[in-house]
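Heads up, the thing below is written out as structure tokens.
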Amino acid sequence: MKAGRSAGLALLALTAVAAPLGAAAQDLVFAPGEDPRFDWASYEAFKQDLSGQTLTLFGPWLGPDKELIDSVVAYFAAATGADVRYSGSDSFEQQIVIDTGAGSPPDIAIFPQPGLVGDLASRGHITPLGQETSDWVLENYAAGPSWVDLGTHTGPDGTDDFYGLLYKVDLKSLVWFVPENFEDAGYEIPETMEDLKALTQQIVDEGETPWCIGLGSGAATGWPATDWVEDLMLRINTPEDYDAWTRGDLPFDDPKVVAAIEEFGWFVRNDDFVQGGAGAVASTDFRDSPKGLFASPPGCYMHKQASFIPSFFPEGTEVGLDADFFYFPAYADQDLGKPVLGGGTTFAITRDTEAARAFMAFLQTPIAHEVWMAQSGFLTPLKTANPEVYGDPTLRKMADILLAADTFRFDGSDLMPGAVGAGAFWTGMIDYAGGADAAEVGAMIRKTWDSLN
């Protein structure tokens with residue numbers, strides 16, 4: 001995933017050793033029944049006896065995230081009496097292919113990208129969750145059809161089925177700003193893309209610089225530009241066009257894709273719009289690019305980046321006070337609703353057991369979401385989870401954007417073949433930001449994709 005690449009994960013493989021989770025109530029981070037914000041009725045209704053059964057889960061989460069998923073899984077153990085073991089690895093993607101191919105998979109696998117779910121489903125290594133689960137997602141998730149689409153893949157017999165339940169979501173469609181700077185200048189939060197473009201021009205007309213943009217990221221330079229293009233694809237084209245693009249059915253030199261690239265160019269290729277001028281965009285590291293927001297006087301007023309970017313704000317910055325964000329808006333003159341771009345993790349059954357089936361049902365209870373919501377780093381599209389449970393007001397505000405979405409789409413470059421999504425797309429956007437023609441760049445990326453076939 002881009003966020004993982006951008007954070008500079010260690011190259012050495014790390015694996016968290018699984019340990020059994022006890023079922024005692026005192027092991028739970030929130031005592032059942034005590035805090036009325038939680039849906040304890042869903043927890044009580046789920047309870048069943050799986051004593052003597054073992055449930056194994058394998059995923060990408062290590063460190064604090066492992067502790068958080070352990071805290072959620074503990075409620076399943078307490079509700080069922082099952083012996084539950086989660087293990088995490090930063091080599092998850094490679095290891096799960098090895099384990100499933102060798103016939104020794106975990107009961108549940110947690111995938112950072114839906115593409116690998118589809119690959120393993122086509123080989124018969126994942127158990128379909130069926131129409132009932134698909135219908136539940138459609139009914140209970142905001143922008144439900146989007147999540148059904150993400151979890152639907154083609155099985156070994158060539159038929160489509162629902163294989164993966166998206167659980168933990170990341171949000172990308174955000175613009176960051178400093179409230180004090182907006183207030184001092186008298187700027188309003190733009191509600192539409194037309195408003196955002198008008199504000200961009202207004203800031204220039206007043207002698208200031210609207211945007212900080214940095215595409216640098218070492219060997220991964222160019223990936224921030226792909227987020228821009230993906231978001232803009234969803235704002236000028238249909239979700240079906242976006243899906244066709246990420247599958248390779250809508251080529252990069254199609255006019256619809258070229259138009260999205262040129263929309264990105266409206267922001268990035270104007271010297272007046274970007275701190276340091278258009279020529280500085282490619283050489284500015286994405287981790288340094290937000291600094292202009294906090295300069296005095298401001299070096300820029302807006303910065304588009306995903307939910308993780310506060311990690312690179314000046315030390316002591318308080319989100320919601322010193323910095324804030326708004327939804328990267330849709331066009332008012334397009335009938336495309338409010339699309340949201342992001343990422344997420346997919347839970348899938350890789351060894352079909354009673355405990356595995358029960359755990360997938362557990363993920364359909366509000367309590368399975370609220371336990372993590374009340375802690376940190378978790379967003380959910382589940383409409384029945386109580387938003388008052390969010391322990392972080394920033395996450396609550398992001399959740400409002402997620403729940404208001406008409407369409408959710410996964411980060412496109414993460415769905416494409418690696419040579420394209422993490423190769424030609426990155427370099428092509430650097431070429432484009434430097435002045436290359438959008439159609440020629442699109443043709444170059446298409447040539448790379450075609451060569452893989």
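Note: F92 and F111 meet the aromatic proximity criterion, with ring centroids under 6.0 Å apart. Taking the ring centroids of Y167 and Y141, they lie at or beyond the 6.0 Å cut-off. With ring centers used as reference points, W245 lies under 6.0 Å from F425. Ring centroids of F162 and H153 are separated by 6.0 Å or more, keeping the two rings apart.
For A436, the side-chain contact (heavy atoms from CB on, under 4.5 Å) partners at least two apart in sequence or on another chain are D431, V441. In this structure, the side chain to side chain donor-acceptor pair (under 3.5 Å) partners of K304, at least two apart in sequence or on a different chain, are D231. By the side chain to side chain donor-acceptor pair (under 3.5 Å) test, T407 pairs with no residue at all, sequence neighbours left out. Annotation: ring-ring contact (aromatic ring centres under 6.0 Å, His included) contacts of F326 (sequence neighbours excluded): F177. Taking the ring-ring contact (aromatic ring centres under 6.0 Å, His included) definition, one finds that Y327 meets it with nothing, sequence neighbours left out. Applying the ring-ring contact (aromatic ring centres under 6.0 Å, His included) rule to Y432 yields no partners; only residues at least two apart in sequence or on another chain are considered. Remark: F294 pairs with F313 by the ring-ring contact (aromatic ring centres under 6.0 Å, His included) rule, at least two apart or across chains. Looking at residues two or more places apart in sequence or on another chain, you find a side chain to side chain donor-acceptor pair (under 3.5 Å) between T159 and D157. For the side chain to side chain donor-acceptor pair (under 3.5 Å) test, residues two or more places apart in sequence or in another chain that qualify with T56 are D107.
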List the atom pairs, donor and acceptor, that lie under 3.5 Å between side-chain atoms in residues 333-342 and the rest of the protein, sequence neighbours left out.
none

Please table the atom pairs, donor to acceptor, closer than 3.5 Å between any side-chain atom in residues 388-403 and protein atoms at least two apart or in another chain.
from : atom 1 : to   : atom 2 : distance (Å)
E388 : OE2    : R396 : NH1    : 3.2
Y390 : OH     : T380 : N      : 3.3
D392 : OD1    : T394 : N      : 2.7
D392 : OD1    : T394 : OG1    : 3.4
K397 : NZ     : D324 : OD1    : 2.8
K397 : NZ     : D324 : OD2    : 3.2
K397 : NZ     : F325 : O      : 2.9

Under 3.5 Å donor-acceptor pairs involving side-chain atoms of residues 178-191, not counting sequence neighbours:
from : atom 1 : to   : atom 2 : distance (Å)
N181 : ND2    : L293 : O      : 3.1
Y187 : OH     : E206 : OE1    : 2.7

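Checking W211 against T200 by side-chain atom types alone, a donor-acceptor pair falls below 3.5 Å.
The aromatic rings of F359 and F362 lie tilted to each other, with the angle between the two planes from 30° to 60°. Classification of the F286-W223 ring pair by plane angle, with boundaries at 30° and 60°, yields perpendicular.
Judged by distance alone, with hydrogens and angles left aside, the side-chain atoms of W61 form no donor-acceptor pair with the main-chain N or O of L68 at under 3.5 Å. A distance-only check finds a donor-acceptor pair linking the side chain of W372 to the backbone of S376 [under 3.5 Å]. Here the side chain of T238 pairs a donor or acceptor atom with the backbone of D241 at under 3.5 angstrom.
Contact annotation: the side chain of Y301 never approaches that of L199 to less than 4.5 Å [non-hydrogen atoms, C-beta and beyond].
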